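By convention in this document, chain letters (A, B, ...) are assigned in the order of the sequence lines, proteins followed by strands, and residues within each chain are numbered from 1. Treat the numbers as computed from the prediction; the structure is a model and nothing was measured.
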Number of protein chains: 2
Amino acid sequence: MGRAGIARQAAWRGPRARESGSGTGWTGVGEESAIARDPSLGALGSEPDPPGEPSVVGARGLSRPDDTGGVGHGEYASLKDVASRAGVSFQTVSKVLNGGGSVAPATLERIRRAAEEVGYIPNVLARGLVMRGTKTLGIVAADPSDHVLGRFVVAAEIEARRQGWATVVANVDAFTSDVGRHVEVLSERRVDGILMAAPQAETDPDLGERLRGLLPVVSLYTILGLRAPLVGSDHVQTGMLAVRHLILHGHRTVGVVAGTLGRHVTAARMTGYARAFSESNIELNDSDLVEEGDWTTAGGYLATMRLLDRAPEVTALFVHNDYMAMGAIRALYERNRDVPGDVAVVGCDDAPVAAYTVPSLTTVRVPFEDTGRVAMGLLLRMVGGGPAPITSTLLPVELVARASCGCAVARGTAPPAAPGAARRTEAM
Amino acid sequence: MGRAGIARQAAWRGPRARESGSGTGWTGVGEESAIARDPSLGALGSEPDPPGEPSVVGARGLSRPDDTGGVGHGEYASLKDVASRAGVSFQTVSKVLNGGGSVAPATLERIRRAAEEVGYIPNVLARGLVMRGTKTLGIVAADPSDHVLGRFVVAAEIEARRQGWATVVANVDAFTSDVGRHVEVLSERRVDGILMAAPQAETDPDLGERLRGLLPVVSLYTILGLRAPLVGSDHVQTGMLAVRHLILHGHRTVGVVAGTLGRHVTAARMTGYARAFSESNIELNDSDLVEEGDWTTAGGYLATMRLLDRAPEVTALFVHNDYMAMGAIRALYERNRDVPGDVAVVGCDDAPVAAYTVPSLTTVRVPFEDTGRVAMGLLLRMVGGGPAPITSTLLPVELVARASCGCAVARGTAPPAAPGAARRTEAM
DNA sequence: TTGAAAGCGCTAACAG
DNA sequence: CTGTTAGCGCTTTCAA
């Protein structure tokens with residue numbers, strides 16, 4: 001075994017050179033300067049990026065098939081490699097590197113150095129095999145170019161890291177509905193739990209069955225046929241706050257640019273809409289005033305156009321997210337309807353741009369960061385063996401009044417946001 | 001071994017029940033209906049989401065610590081479990097499940113069924129151990145709430161999947177500069193290559209050293225001290241196209257709301273700016289007209305405000321991305337400067353909202369999707385042993401003229417985009 | 001056509 | 001304090 005280690009070591013070409021001349025460990029000076037002189041690196045920090053006359057090519061083209069690197073991609077050093085270098089057994093190395101029990105200070109130091117010198121990187125695969133767990137959480141996220149989910153995911157990852165866990169993300173692109181495959185990728189890699197942050201979960205027919213009993217799961221979206229704890233924000237309240245605000249401003253004919261109709265958020269926000277009317281004892285001429293959007297600006301624009309064609313009498317619009325609201329504002333502009341003079345607009349989410357549109361956008365702030373933090377915290381507790389809550393965890397939302405509903409901030413009056421943490425400040 | 005398998009099997013509580021009464025495999029009806037009756041699941045597809053009176057709680061609160069789930073999280077079935085169920089050795093199962101050579105049709109069928117019944121999910125960790133490779137690529141991505149990178153990452157993942165590779169993403173949040181840690185997380189998991197899509201790579205002092213010789217790497221950003229192939233778009237060209245366009249419109253005093261000054265993109269776009277002037281033989285009163293932004297709308301707003309204070313004589317603004325450009329438009333609005341009448345604005349990237357701002361935003365389209373596809377394609381080739389190109393691969397950009405520079409699309413004239421694939425259509 | 005042996009890199013328990 | 005034995009789940013010879 002010791003010999004095997006040594007034998008392999010001779011062939012091994014790890015991340016750093018070993019057996020380097022002096023005993024001080026490898027500095028890599030030679031290579032370093034060779035690389036620094038390479039024109040392909042160029043004058044760092046000064047000019048064109050990347051430098052030199054660029055080789056502009058078509059989508060598939062590549063330039064000069066040269067240079068596999070000089071520095072080949074070696075194999076990783078193993079515990080045995082470290083061990084033979086330090087003159088101990090690899091089990092002792094394992095103990096040391098995991099901060100284990102009693103080891104002679106001298107040995108410890110020797111091992112530490114050896115590990116450093118060979119650039120030891122633990123093999124989480126092997127460790128996971130024996131530990132039956134990877135200290136890793138998987139996040140299934142929707143297309144991250146959905147701005148809003150991005151904020152959620154990042155917050156969740158930060159929370160995991162804070163608690164000493166690694167995360168890996170599997171992004172579901174907008175064209176795929178097969179969330180199951182992504183779950184599979186993660187569970188094949190034996191993550192210890194999954195945070196589900198892809199709306200596709202609501203419609204995937206057998207996701208629930210695939211997930212059942214497999215792993216601890218916390219989801220942002222209802223998963224069919226799976227009793228997974230849900231964390232989110234109060235969408236009904238969102239609808240209520242938005243529409244109540246419009247009603248208070250005297251609006252009675254409130255059009256809706258809704259999100260995708262299949263989604264629960266959409267239904268909930270519609271419920272809030274209805275509830276706002278009923279609590280005011282105002283009769284509501286509903287479904288005719290609703291147009292479905294697809295959460296994008298383009299979709300919001302088109303839906304608004306359709307709505308204006310059909311119901312030009314609307315004096316206000318409740319739009320299910322801020323990106324669509326921007327499309328709505330654009331559509332109103334093209335139809336020569338002043339916002340908020342002719343039509344008031346309220347969005348949802350409080351996207352970072354909402355404070356800067358013209359006019360600035362009244363919206364309902366959704367606490368994405370908090371949601372991410374809470375959801376991950378809950379998942380971590382479940383992974384640690386804690387109980388799963390049986391009810392949903394809903395975080396509160398709040399109205400942020402700006403100009404698009406006729407509130408506040410006249411032109412040129414006040415900056416839409418304080419310097420720095422603009423979004424935060426305003427939302428408070 | 002067989003006995004061990006059986007022994008463990010008795011205790012094992014896998015994703016699906018085994019040894020179920022009938023021979024048809026488990027259907028889970030009992031549990032299913034129990035769950036469906038659970039009020040916490042609510043009336044799917046109809047109303048509030050999540051349903052029932054929500055338990056609105058503070059950030060840390062949780063509701064009813066009840067119900068660990070009924071369905072515990074069992075362990076995964078192993079090859080041995082499948083084997084003992086099919087009455088063969090686990091090696092044979094391995095062969096079958098990997099589409100291996102000659103196996104008796106009957107055995108094959110029996111194994112397939114057994115695997116299905118126990119819900120076998122291969123352990124990629126164990127496989128990776130012996131195969132010395134995971135068929136997985138790592139992507140180090142910046143904060144995915146950066147809309148633009150999200151598009152890149154998703155395209156890259158799609159390309160990987162198309163070629164049969166799995167991907168895992170490690171997101172670097174905006175507050176961390178330690179890209180190295182994320183590389184570590186990925187290489188500990190023995191991904192076979194890394195796609196670096198975090199701008200922090202440009203400033204991390206020892207990322208290059210950590211990466212050298214470790215793995216195949218393709219990067220969107222120059223990595224200090226590492227000869228990694230770069231894929232990106234032609235930022236110099238971007239600056240030139242934008243500014244040349246403004247010059248053609250007669251502008252001579254062109255202010256700049258730049259990106260972060262340390263970044264190469266920023267420098268390159270400034271180079272393009274200068275080049276556009278020099279090719280027109282126009283003298284250029286440069287640095288005084290540049291304000292640094294931070295790529296956010298808020299930052300663009302503030303930078304523009306500062307610039308207008310200092311240089312009210314500008315008649316045009318070259319803004320280094322579309323989000324900042326929105327902030328710029330807002331700032332100009334507050335200062336009562338008409339866009340484009342008093343000040344023309346050109347952005348960069350062609351973000352999905354650019355077509356819908358008021359006025360719609362002239363910008364330079366950056367082919368994020370193509371970049372992602374190409375970068376991943378290159379990485380895949382390198383992982384497969386192919387050579388790394390020594391020069392950068394830069395994809396071409398193109399100007400998209402809209403209203404904010406005085407071009408095109410008067411109010412109410414034409415929809416800013418065709419229905420559906422708006423972004424694409426316009427950019428062509 | 002199938003199974004037995006070996007070993008990937010690692011941790012855990014125990015013996016020296 | 002250190003090394004030995006055992007085994008995690010898997011693929012790969014190679015022998016039966």
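Of all nucleotides listed (D:dC10, C:dG3, D:dG3), D:dG3 comes nearest to the side chain of A:Thr92. When each of D:dG9, D:dT11, D:dG3 is scored by its nearest atom to the side-chain atoms of B:Ser78, the top-ranked nucleotide is D:dG9. The side chain of B:Ser102 lies closest to C:dT1, out of C:dT2, C:dT1, D:dC10. Comparing D:dT11, C:dC10, C:dT11 against the side chain of A:Met131 picks out C:dT11 as the nearest. Counting only heavy atoms from C-beta on, B:Leu129 has its side chain closest to D:dG9 among D:dG9, C:dT2, C:dC10. For A:Phe90, counting side-chain heavy atoms from C-beta on, the closest listed nucleotide (C:dT11, D:dC1, C:dT1) is C:dT11.
In this entry the distance linking CD1 of B:Ile121 with P of D:dG9 reads 14 Å, nearest Å. Atom CD1 in B:Ile111 sits about 13 Å away from atom P in D:dC10, given to the nearest Å. Between the CG atom of B:Leu97 and the P atom of D:dT11 there is a distance of 8 Å, given to the nearest Å. Atom CD in A:Glu188 sits roughly 16 Å away from atom C1' in D:dT11 (whole-Å rounding). As rounded to whole Å, 14 Å separates atom P of C:dC8 from atom CZ of B:Arg190. The distance between atom NZ of A:Lys80 and atom P of D:dT4, rounded to the nearest whole Å, is 12 Å. Here C:dA12 presents its P atom at 12 Å from CG of A:Leu79, a figure rounded to the nearest Å. For the pair B:Arg110 CZ and C:dT2 C1', the computed distance is 11 Å after rounding to whole Å.
The phosphate of C:dC10 (OP1 or OP2) has no side-chain N or O of A:Ser94 nearer than 4.0 angstrom. Taking only side-chain nitrogens and oxygens, A:Tyr76 never comes nearer than 4.0 Å to OP1 or OP2 of C:dC10. Between A:Arg132 and D:dC8 there is no side-chain N or O to OP1 or OP2 distance below 4.0 Å. Taking only side-chain nitrogens and oxygens, A:Asn123 never comes nearer than 4.0 Å to OP1 or OP2 of C:dC8.
Salt bridge absent: A:Arg127 and B:Glu188 never bring a charged side-chain N and a carboxylate O closer than 4.0 Å. With respect to B:Glu159 and B:Arg162, a salt bridge is recorded, a charged nitrogen being found less than 4.0 Å from a carboxylate O. Under the 4.0 Å criterion applied to side-chain N and carboxylate O atoms, A:Arg181 and A:Glu184 are assigned as salt-bridge partners.
Donor-acceptor pairing under 3.5 Å is recorded for the side chains of A:Arg189 and B:Thr136. Judged purely by distance below 3.5 Å, without hydrogens or angles, the side chains of A:Ser187 and A:Arg210 never pair a donor atom with an acceptor atom.
B:Asp204 places no side-chain N or O within 3.5 Å of a backbone atom of B:Asp178 that could act as its donor or acceptor partner.
Projected onto DNA chain C by closest heavy-atom contact, A:Val130 and B:Thr107 fall at different nucleotides, the more 5' of which corresponds to B:Thr107. When each of B:Ser89 and A:Leu125 is assigned the nucleotide of DNA chain C bearing its nearest heavy atom, the one mapping closer to the 5' terminus is B:Ser89.
Between the base of D:dT13 and the side chain of B:Gln91 there is no donor-acceptor pair shorter than 3.5 Å.
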